[in-house]
Asks: 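Can you keep this structure in mind? I'll have questions shortly.
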Number of protein chains: 2
Amino acid sequence: MRPRPTLAAVARLAGVSVSTASLAFSGAGPVSDATKARVAAAADELGYAGPDPRAQSLRRGRSGIIGVVIEERLSDAFRDPMNIALLDGIADVTGAAGSGLLLLTETGDDRAGISSAPMDAIILIGCSTSLEEAVAIVRQRGLPIVAVEARELEGVLPIGLDNRAASATGARHLRSLGHSDIGVVTLPLERSHVPRPLPADWERVATAHTSAERLRGVLDVYPEARGFAASASTIEAGREAGLALLAGDRATVPTAIVAQSDLLAIGVIRAADEVGMIVPGDLSVVGFDGIRGEVLGGIDLTTLVQPAVEKGRAAGRAALQLLDGGPAEPADFTSVFHPGGTTAPPRTR
Amino acid sequence: MRPRPTLAAVARLAGVSVSTASLAFSGAGPVSDATKARVAAAADELGYAGPDPRAQSLRRGRSGIIGVVIEERLSDAFRDPMNIALLDGIADVTGAAGSGLLLLTETGDDRAGISSAPMDAIILIGCSTSLEEAVAIVRQRGLPIVAVEARELEGVLPIGLDNRAASATGARHLRSLGHSDIGVVTLPLERSHVPRPLPADWERVATAHTSAERLRGVLDVYPEARGFAASASTIEAGREAGLALLAGDRATVPTAIVAQSDLLAIGVIRAADEVGMIVPGDLSVVGFDGIRGEVLGGIDLTTLVQPAVEKGRAAGRAALQLLDGGPAEPADFTSVFHPGGTTAPPRTR
DNA sequence: ATGAAAGCGCTAACAA
DNA sequence: TTGTTAGCGCTTTCAT
């Protein structure tokens, strides 16, 4: 691997000044065609691959990179279709603008990336259980910050979702069907993703904004709902939580369960199946997200459909606007209630 | 957003030279504790967030970023669990080394990223249908290149998989069961991912290395096998391909199908189901990959299990070694045949 | 239309 | 232990 030729070398060979060569390269600017051609020839001969992005970054004060911070390990994060949709939406916008996406995970003490990777802006997704620290670091660096579904935070542009209202809608649907005893399976509420019954002081310990909001929405309608916090947004975690809520005498068990994600809902349905309960005959189940495809196994889930890709696009757009120095539009998305086949009136007993 | 303070400013405030401040910051180097403290205090007062990564990149000639090139849109790429596993393996190694992963897609004319993003090395994954161009660009830039399951290419460090041999193993399994008429559902073979029967001149038009190798493996055992090229590695594409191969009179239809991915295999099984064929009674199905989890829907697929995460780790390690200037170890992985419940002797007819 | 010069913020020699 | 110096490769005034 030869040392990479520099623009200076090209200029020298072409017999022009460095600045002229630079202009000739960028295409724009007043350069005679003859000169342009000579520069091109020289570049070709030397195998010049274009301006060094590192030098460009320094000179222009821009790296062309947008960081995306994900809380978990990639394999976990990508297990949830919502994250993928979100990322896809972001990539859609930023890719079109010529910016690359730098994937940063926040696992362990791996603050390295977030505190020192070259980036022009940062988008925080799915990292609600440890927002503060990330934000503190990034803010110190003076980078524009966009956060998807995070608690309002000084200097952070929010991309929101109507988690509380939408969840309340789902709950009211159950109420209108006649359910009076329901359970909630929440997404992880705190940093320590330990599955466990919802503690009484959850409001105090909860650091995950999305989970808390969705929970509040349900409690708005069913203040007495019992809850169980799942360990992750996976089918397996949902199943576990479902088994926990459905354990015991049939008469003492909830007649409906609101799950905070569709994957959790599928897990709950599976749990119901395992304990011999029919959905929706014996148990109604409501999800959240509106995922499509294979994982559903043909189930028409009653759920709240959120515009995940659009959310991603908005986040990407906001990041681009912020780093352009312009004011960015905070966005607020609305979920749509989808009445599916997993809810029905409770069996009279 | 104030202009970001520079190291020079910190040094001035602390009353030391810039180089001393630099050393004090990096922790290493001989600096008195008193000085260190003063520098720290100054940094604190100014809100200095550490060295500017852009300047560091230029000075050190390293950006700390490793590019990962994916052929398709993210949403497509992430639909295949193998890609996620691969990425996870890569992230595992590179993350530990403090390098970030820059996600680059190769969609459309978006060569921007790959030709000008700041990176120290690049890993090509799942982009076998348009390898050459990508490699040409990157090689020009003088970046170390690692390619996963790609055709041997000058200056590209290969991370291989025994695609041909493993596929042959799967085929021989079918032969030993007594099958004589089999079909193959291949992954996309060319750039234009159009689903269609395998053309006679596939060897000439195929640009996808993995698909071609797996196909050769099957043809080594069944030279007469009929093929159908799927449009992607998805269940739906597999179903489509399956329906195509299983159309027509039961007597003229293959008794076994080798699918080049597990997702395709599941699709084929679904197709079989739709045309009223029982797996494995009426039709044996072999997959490739060894995915686990929900998508399988409880099916114990006969397949070839590849070490995807390990492959990713090897790719990450290789990239790191290359950019350290050291020689890197090409790696070659082996798939393990897993005899599952989707293959059986053909029904006598 | 072209050239000269001044840094972007940092680090790594080398000197003191 | 600390300071001085010289760039990394490029872009952007400003002058010609």
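Since the structure is predicted, the reported quantities are computational estimates derived from the model, not experimental observations. Every chain is numbered from 1, with letters handed out A, B, ... down the list of sequences. Just so you know, these numbers use all the heavy atoms, side chains as well, and skip hydrogens, waters and symmetry mates.
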Asks: Rounded to whole angstroms, how far apart are CZ on B/Arg60 and P on C/dA12?
Replies: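 It is 6 Å, rounded to the nearest whole Å.
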Asks: Please check: side-chain N/O of A/Arg141 versus main-chain N/O of A/Ile114, any donor-acceptor pairing under 3.5 Å?
Replies: yes
Asks: Take the angle between the ring planes of B/Phe25 and B/Tyr48 and call it parallel below 30°, perpendicular above 60°, tilted in between.
Replies: perpendicular
Asks: Taking the nucleotide of DNA chain D with the closest heavy atom to each, which residue, A/Thr20 or B/Thr20, is nearer the 5' end?
Replies: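 It is B/Thr20 whose nearest nucleotide is closer to the 5' end.
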Asks: What is the nucleic acid contact for A/Tyr48, judged by heavy atoms within less than 4.0 Å: base, sugar-phosphate only, or nothing?
Replies: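 Since only primed, P, OP1 and OP2 atoms lie under 4.0 Å of A/Tyr48, the category is sugar-phosphate.
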Asks: In whole angstrom, what separates A/Arg141's CZ from C/dG9's C1'?
Replies: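 Rounded to the whole Å, the gap is 14 Å.
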Asks: Between C1' on D/dG3 and CG on B/Leu23, what's the gap in Å once rounded to a whole number?
Replies: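 That distance rounds to 11 Å.
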Asks: When you measure from the side chain of B/Arg317 to the backbone of B/Glu329, do you find a donor-acceptor pair of N or O atoms at a distance under 3.5 Å?
Replies: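 Side chain of B/Arg317 to backbone of B/Glu329: no pair is present.
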Asks: With a 3.5 Å distance limit and no angle check, can you tell me whether A/Ser116 reaches the backbone of A/Gly113 through a side-chain donor-acceptor pair?
Replies: no
Asks: Rounded to whole angstrom units, what separation is found between the CZ atom of A/Arg4 and the P atom of D/dG9?
Replies: 9 Å
Asks: From the options D/dC10, D/dT1, C/dT2, select the nucleotide whose nearest atom is closest to the side chain of A/Thr6.
Replies: D/dC10
Asks: Among A/Thr20, A/Val16, A/Leu13, A/Asp33, find the one that has a side chain to side chain contact (heavy atoms under 4.5 Å, CB included) with A/Arg38.
Replies: A/Val16
Asks: How many whole angstroms separate atom CZ of A/Arg59 from atom P of C/dA6?
Replies: 13 Å
Asks: Pick the nucleotide of DNA chain D nearest each of B/Gly15 and A/Asp52; which residue has the one closer to the 5' end?
Replies: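 The 5'-side residue here is B/Gly15.
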Asks: Once you apply a heavy-atom cut-off of 4.0 Å, does A/Thr35 come out as touching a base, just sugar-phosphate, or nothing?
Replies: sugar-phosphate
Asks: Give the rounded distance in Å between these two atoms: CG of A/Leu58 and P of D/dC10.
Replies: 12 Å
Asks: Would you mind reading off the distance between B/Leu7 atom CG and D/dT5 atom C1', rounded to a whole angstrom?
Replies: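 In whole Å, D/dT5 C1' and B/Leu7 CG are 15 Å from each other.
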Asks: Taking OP1 and OP2 of C/dG9, is either one under 4.0 Å from a side-chain nitrogen or oxygen of B/Gln56?
Replies: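 Negative; the distance criterion is not met.
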Asks: Check this one for me: any side-chain N or O of A/Ser22 less than 4.0 Å away from OP1 or OP2 of D/dT11?
Replies: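 So the side-chain polar atoms of A/Ser22 do come within 4.0 Å of the phosphate oxygens OP1 or OP2 of D/dT11, strictly under.
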Asks: Between C/dG3 atom C1' and A/Arg38 atom CZ, what is the distance in whole Å?
Replies: 13 Å
Asks: For B/Ser32 and D/dT2, is the shortest distance between a side-chain N/O and OP1 or OP2 below 4.0 Å?
Replies: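 For B/Ser32, the contact criterion (side-chain N or O under 4.0 Å from OP1 or OP2 of D/dT2) is met.
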Asks: Touch check for A/Ser19, heavy atoms < 4.0 angstrom, all strands: base, sugar-phosphate only, or nothing?
Replies: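 The answer is base, as A/Ser19 lies within the cut-off (heavy atoms under 4.0 Å) of a base atom.
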Asks: How is A/Pro51 classified with respect to the nucleic acid when contacts are heavy atoms under 4.0 Å: base, sugar-phosphate, or nothing?
Replies: sugar-phosphate
